[in-house]
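Data first, discussion second: the structure below is written as structure tokens.
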Amino acid sequence: LGVGSAYLVPLAARLAATARAYVPELPGHGRSDADARALDVVELARVLGAWMEATVHAPAVLVGHSLGAQIVAELAARRPA
């Protein structure tokens, strides 16, 4: 996973003024390396969850837009904590 710059995402830039904001680039999206095959929502949620375990060591509020919202909902349904 690459981490995109907050300045590229206006909401993240505003949130970063008062809290830590991450903009992860999931495999096959943004500037991250493309996988051999496209990952589905369940797989992307698993990747995001693993990244959060390794990177974010505190409770978090997840925000997603479009496909990101589906990924966040999937992750929340599988791992509400």
Side-chain angles (χ1 to χ4, degrees):
L1 286 173
V3 178
S5 299
Y7 71 87
L8 296 175
V9 180
L11 176 58
R14 292 191 69 178
L15 292 172
T18 59
R20 187 170 303 206
Y22 297 95
V23 183
E25 292 180 340
L26 296 172
H29 299 272
R31 292 176 286 182
S32 68
D33 294 335
D35 280 358
R37 65 178 180 77
L39 300 181
D40 64 23
V41 169
V42 172
E43 292 168 314
L44 289 168
R46 286 185 187 138
V47 169
L48 179 59
W51 176 82
M52 288 183 67
E53 282 182 6
T55 307
V56 182
H57 303 289
V61 174
L62 303 177
V63 178
H65 178 266
S66 191
L67 178 61
Q70 294 174 36
I71 295 165
V72 166
E74 178 68 28
L75 179 58
R78 293 180 176 272
R79 298 168 59 178

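Only heavy atoms go into these numbers, but all of them, side chains included; no hydrogens, no water, no symmetry mates.
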CG/Leu48 to CG/Leu39 distance, rounded to the nearest 0.5 angstrom? 12.0 Å
Considering residues at least two apart in sequence or located in another chain, which fulfil the salt bridge (charged side-chain N to carboxylate O under 4.0 Å, His left out) criterion with Arg78? Glu74
Only pairs at least two apart or in different chains count here, so list each side chain to side chain donor-acceptor pair (under 3.5 Å) that has a residue in residues 60-73. none
Residue pairs meeting salt bridge (charged side-chain N to carboxylate O under 4.0 Å, His left out), one or both in residues 38-51, sequence neighbours left out, come to Arg37-Glu43
What's the shortest heavy-atom distance between Gly49 and Leu75, and which atoms? CA-CD1, 3.9 Å
Same apolar cluster (I L V M F W Y, side chains within < 4.5 Å links), Leu26/Val42: no
Non-hydrogen side-chain atoms of Val63 and Val72 separated by less than 4.5 Å: no
Rounded to the nearest 0.5 Å, what separates atom CG in Leu62 from atom CE in Met52? 4.5 Å
Between Leu44 and Pro27 the two heavy atoms that sit nearest each other are CD2-O, 4.0 Å
Salt bridge (charged side-chain N to carboxylate O under 4.0 Å, His left out) pairs, two or more places apart, involving residues 51-63: Glu53-Arg79
